[in-house]
Amino acid sequence: MSKIGINEKSLPYDLPWSEKLALAKEEGYSFVELSIDETEERLARLDWSKEERLAIVRAVYNVGIPIDTMMLSALRKTPLGSEDDQIYEQAYLICRKAILLACDLGVRNIQIAGYDEYYGKKTVLTRENFIENLQRVVDFAAENQVMISVETMDDSFMNSISKIRTIKETIKSPWLQTYPDLGNISAWPENDPSLDLESGLESIVSIHLKDTLSVTANTPGKFKDVGFGSGQVNFLGLLKTLKRIGYQGTYTVEMWNERRPDAVNQMRYARAFFEQLFKKANIVLEDEYVRRS
């Protein structure tokens, strides 16, 4: 039995947390993914007071839907591999705060973007710094029993599960795993996404569902705001791969609709779109009674 959750940025922006959770549940999702992005507003969540954290926990219990995962995309602006000593240390401190927040909110899994450097130049040093800093993060996560999972990205540094496996050969910890994005691994022509999933099953703890347009010799691809079914991801084939290899983890619908007036319609469409695909792939979704109880 599989669960489909939804990222926070798919939900209307202005809703309080109790209403966001209630809406996600009403539309048939099993959990919500919290966003800590590079904006000051969402970075400030890392410094929520005890009272603010308790209010979120109460909303989770009152509504009956968890915040299972956290997307820590703030590391795009403050990358773990930065050659700047201050940014390097700031990235680690952001991760420490995120881990402690996860402990307080009951978040099980923190997704870290696989960037050594995003806005700046990539070098041998940024790669080494990324591995070194990620080791520190994983050590702190292990102390606090929180999973760190690296996402396959819209960036050549970490655009496949096989590349994350190479990092895992250096950082040997059960608290470091993989969070593949089906859209991202499908968009890179050097990847065979089905084989990539098959070879990395033992490290996959959650999966992002997102459509993309592929990178070609003449185009950079498109990794955001591609409507489900209008991109080039072979969702049915990849879901059948995951069914065949025995994947049992969660799936998270990823969209960026929080400022759109039709955000609710978009999340409703996405749920129906994947429900049909899961049926065709013979993947059983969480029981309706369980989801709404």
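Owing to the predicted nature of the structure, the values given are computational and were not obtained by experimental measurement.
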Ring centre gap for Tyr115 and Tyr119 strictly below 6.0 Å: no
Less than 6.0 angstrom separating the ring centers of Tyr118 and Phe157, yes or no? no
By side chain to side chain contact (heavy atoms under 4.5 Å, CB included) - contacts of Glu190 (at least two apart): Asn159, Trp188
For Pro16, enumerate each residue passing the side chain to side chain contact (heavy atoms under 4.5 Å, CB included) test, keeping only those at least two apart in sequence or located in another chain. Ser18, Glu19
Does [X] share a hydrophobic cluster with [Y], counting links as ILVMFWY side-chain heavy atoms below 4.5 Å and allowing steps through other members?
X: Leu213; Y: Phe223; result: no
X: Leu23; Y: Ile56; result: yes
X: Trp175; Y: Tyr179; result: no

To the nearest 0.5 Å, what is the distance between CD1 on Ile161 and OG on Ser203? 6.5 Å
Taking atom types as modelled, is there a side-chain donor on [X] or [Y] under 3.5 Å from an acceptor on the other?
X: Ser160; Y: Thr152; answer: no
X: Tyr88; Y: Glu83; answer: no
X: Ser10; Y: Asn7; answer: yes
X: Ser149; Y: Thr178; answer: no

Please confirm whether the backbone N or O of Arg260 pairs with a side-chain atom of Asn257, one donor and one acceptor, at under 3.5 Å? no
Sidechain-backbone polar pair: Ser82 side chain, Thr78 backbone, donor-acceptor under 3.5 Å: no
Shortest non-hydrogen contact from Val150 toward Met158: CG1-CG, 4.1 Å
Shortest non-hydrogen pair, Met255 vs Ala270, comes out as CE-CB, 4.0 Å
N-O pairing of Asp116 and Arg127 below 4.0 Å: no
With a 4.0 Å cut-off, would you call Arg76 and Glu38 a salt bridge? yes
Residue of the set Ile87, Ile131, Leu75 for which side chain to side chain contact (heavy atoms under 4.5 Å, CB included) holds with Leu80: Leu75
I'd like to check the salt bridge (charged side-chain N to carboxylate O under 4.0 Å, His left out) partners of Asp37; sequence neighbours left out, ordered by chain and number. Lys9, Arg42
Starting from the C-alpha separation in whole Å, work towards a yes-or-no answer on side chain to side chain donor-acceptor pair (under 3.5 Å) for Thr69 and Glu33. CA-CA 5 Å; Thr69 57; Glu33 182 168 77; 2.9 Å; yes
